[in-house]
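If you read the sequence from its start, that first residue is 1, and numbering goes on from there.
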Amino acid sequence: MAVLTPPIFPLSISIVVFAAAAAAILTLKHASALTRHDFPDGFVFGAGTSAYQVEGAAAEDGRKPCIWDTFTHQGYSPDGSTSDVSADQYHHYKEDVKLMHNMGLDAYRFSIAWPRLIPDGRGQTNPKGLEYYNNLIDELILHGIQPHVTIYHFDLPQVLQDEYRGLLSPRFIEDYTAYAGVCFESFGDRVKHWVTVNEPNIEPIGGYDTGSQPPRRCSYPFGTNCKGGNSSTEPYIAAHHLKGSLHWRFGKIKLDI
């Protein structure tokens with residue numbers, strides 16, 4: 001889950017973007033004629049989500065809080081909402097997969113919720129979390145949809161943030177590596193497409209530079225109203241540890257960024 005801010009484009013680019021948008025609006029009436037066959041062979045037609053945005057069931061079946069739960073429950077989301085329920089994919093994944101199938105999707109990119117699969121950040125795997133992701137993957141394959149799995153999409157277990165300040169500690173690398181290994185061991189027989197970290201620039205900027213995202217660390221003048229942090233150093237430390245977690249091998253799988 002990322003808070004997006006509109007980019008500032010040069011005038012020439014803005015004109016091109018506006019022209020493209022206008023053309024899209026003018027041809028909108030013909031969108032109903034678009035089919036899967038309009039895409040070239042080999043094109044993977046899919047959709048993507050993150051666990052925190054769609055799963056819901058935030059406190060069910062052994063899942064424990066992530067840093068985004070803490071952030072939203074403290075009232076820092078723009079509209080005051082949380083993802084305690086959200087799209088409730090945890091309970092309605094079969095209906096969701098059926099909709100994807102009816103849309104003609106080739107692939108679905110979703111993320112594993114670290115605090116659902118390994119609620120304490122390291123150690124014991126949660127059987128209910130394991131069951132849910134196995135069921136989701138099997139349902140996708142049953143409907144001819146490729147599972148594309150993101151291992152980490154910003155939802156660091158809150159317990160690791162409390163224990164060693166999350167991405168600011170090199171201990172994150174060891175815990176991420178163990179968590180990723182559980183994912184490969186549990187789902188690698190069916191999942192052939194992996195995303196290691198979602199948008200690795202976003203969390204260091206939002207979480208440790210501007211403070212607009214959890215864990216809300218920043219310093220003036222780059223960010224305001226943070227509970228601590230140093231915007232001149234911490235974004236680089238966090239990014240370094242994120243990148244460091246991606247240089248290793250697991251069996252025949254080599255992770256890199």
Margin query: Holding to ring pair (Phe, Tyr, Trp, His ring centres under 6.0 Å), I want the full list of residues that pass it with His143, two or more places apart in sequence or in another chain.
Written below: His101

Notebook entry, point to check: Can you find a heavy atom in the side chain of Gln146 that is under 4.5 Å from one in the side chain of Leu140?
Noted result: no

Next item on the list: Evaluate side-chain contact (heavy atoms from CB on, under 4.5 Å) for Tyr52 paired with Cys66, printing each intermediate quantity in order.
Entry: CA-CA 9 Å; Tyr52 184 74; Cys66 72; 4.0 Å; yes

Item checked: All ring pair (Phe, Tyr, Trp, His ring centres under 6.0 Å) counterparts of Phe222, not counting sequence neighbours -> none

Check: With the 4.5 Å side-chain cut-off for hydrophobic clustering, are Phe184 and Ile173 part of the same group?
Finding: no

Checklist line | Closest non-hydrogen atom pair, Ala51 against Tyr133 | finding: CB-OH, 4.4 Å

Next item on the list: Measure the shortest side-chain to side-chain distance between Arg165 and Glu234 over non-hydrogen atoms and say whether it is less than 4.5 angstrom.
Entry: yes

Checklist line | Straight-line distance of Trp194 CH2 to Arg109 CZ, nearest 0.5 Å | finding: 13.0 Å

Notebook entry, point to check: For Asn135 and Glu139, does a side-chain donor sit closer than 3.5 Å to a side-chain acceptor?
Noted result: no

Check: Do Leu117 and Val191 share a hydrophobic cluster, counting only Ile, Leu, Val, Met, Phe, Trp and Tyr and linking them when any side-chain heavy atoms are less than 4.5 Å apart?
Finding: yes

Margin query: Under the criterion side-chain contact (heavy atoms from CB on, under 4.5 Å), I'd like the reasoning laid out for Ser86 against Asp84: C-alpha separation, chi angles, the key distance, then a yes or no.
Written below: CA-CA 6 Å; Ser86 65; Asp84 291 356; over 6 Å; no

Item checked: CZ (Phe45) with more than 12 external heavy atoms under 6.0 Å -> yes

Margin query: With a 3.5 Å distance limit and no angle check, can you tell me whether Thr150 reaches the backbone of Val195 through a side-chain donor-acceptor pair?
Written below: no

Notebook entry, point to check: Counting distance only, does the side-chain N/O of Thr72 pair as donor-acceptor with the main-chain N or O of Thr82 below 3.5 Å?
Noted result: no

Check: For Phe43, does the CZ atom sit with more than 12 other heavy atoms under 6.0 Å from it, leaving out its own atoms?
Finding: yes

Check: Between Asp175 and Trp114, which heavy-atom pair has the shortest distance, and what is it?
Finding: O-CZ2, 3.6 Å

Check: Do we see a donor-acceptor contact under 3.5 Å between the side chains of Gln89 and Tyr132?
Finding: yes

Next item on the list: For Glu174, look at atom CD and say whether over 12 heavy atoms of other residues, nucleotides or ligands are found less than 6.0 Å away.
Entry: no

Notebook entry, point to check: Is any side-chain heavy atom of Glu203 less than 4.5 Å from a side-chain heavy atom of Ile67?
Noted result: yes

Item checked: Step-by-step side-chain contact (heavy atoms from CB on, under 4.5 Å) determination, Gln158 to Asp69 -> CA-CA 8 Å; Gln158 182 63 46; Asp69 292 304; over 6 Å; no

Notebook entry, point to check: Under 4.5 Å between side-chain heavy atoms, hopping through other hydrophobics if needed: is there a path connecting Val44 to Val97?
Noted result: no

Item checked: CG on Asn230 to CD1 on Ile237, rounded to 0.5 Å -> 8.0 Å

Margin query: Tell me whether the NZ or CZ atom of Arg122 lies within the 45° cone about the ring axis of Tyr179 and under 6.0 Å from its centre.
Written below: no

Item checked: Separation of Asn225 CG from Tyr76 OH (nearest 0.5 Å) -> 6.0 Å

Check: Which heavy-atom pair separates Val182 from Thr125 by the least distance, and what is that distance?
Finding: CG1-OG1, 3.8 Å

Next item on the list: Check Pro235 against Pro204 and note the closest heavy-atom contact, atom names and distance.
Entry: O-CB, 3.4 Å

Notebook entry, point to check: Taking a hydrophobic cluster as the set of Ile, Leu, Val, Met, Phe, Trp and Tyr residues connected by side-chain heavy atoms closer than 4.5 Å, whether directly or through intermediates, do Met103 and Tyr93 fall within one such cluster?
Noted result: yes

Checklist line | Over 12 foreign heavy atoms within 6.0 Å of CG, Asp79 | finding: yes

Check: If you round to the nearest 0.5 Å, how far is OG of Ser111 from OH of Tyr152?
Finding: 10.5 Å

Check: Would a distance-only check, ignoring hydrogens and angles, find a side-chain to backbone donor-acceptor pair under 3.5 Å from His241 to Leu167?
Finding: yes

Next item on the list: List the atom of Pro115, the atom of Asp155, and the distance in Å for their closest heavy-atom pair.
Entry: CD-O, 3.3 Å

Next item on the list: Considering non-hydrogen atoms only, spot the tightest contact between Ala57 and His91 and give its length.
Entry: CB-CE1, 4.0 Å

Item checked: Pi-cation contact, Tyr90 with Arg116 (under 6.0 Å, within 45°) -> yes

Next item on the list: For Leu168 and Arg217, run side-chain contact (heavy atoms from CB on, under 4.5 Å): C-alpha distance rounded to whole Å, both residues' side-chain angles, the deciding distance at 0.1 Å, then the answer.
Entry: CA-CA 11 Å; Leu168 294 180; Arg217 296 186 63 82; 3.6 Å; yes

Checklist line | From CD (Gln74) to CZ (Arg216), nearest 0.5 Å | finding: 7.0 Å

Margin query: Does any part of the side chain of Val149, heavy atoms only, come nearer than 4.5 Å to the side chain of Phe110, both counted from C-beta?
Written below: yes

Notebook entry, point to check: Which pairs pass disulfide bond (SG atoms under 2.5 Å apart) with one or both residues in residues 141-224, sequence neighbours excluded?
Noted result: Cys218-Cys226

Margin query: Could you measure the distance from the CD1 atom of Ile137 to the CD1 atom of Ile145? Nearest 0.5 Å is fine.
Written below: 13.0 Å

Next item on the list: Under the salt bridge (Lys or Arg N to Asp or Glu O under 4.0 Å) rule, what do Lys128 and Glu131 come out as? Steps first, then yes or no, please.
Entry: CA-CA 5 Å; Lys128 285 292 186 179; Glu131 178 183 10; 3.8 Å; yes

Notebook entry, point to check: Checking side-chain contact (heavy atoms from CB on, under 4.5 Å) against His153, which of Ile112, Val197, Thr49, Asn198 comes through?
Noted result: Asn198

Item checked: Co-membership, hydrophobic cluster, residues Ile205 and Trp68, 4.5 Å side-chain -> no

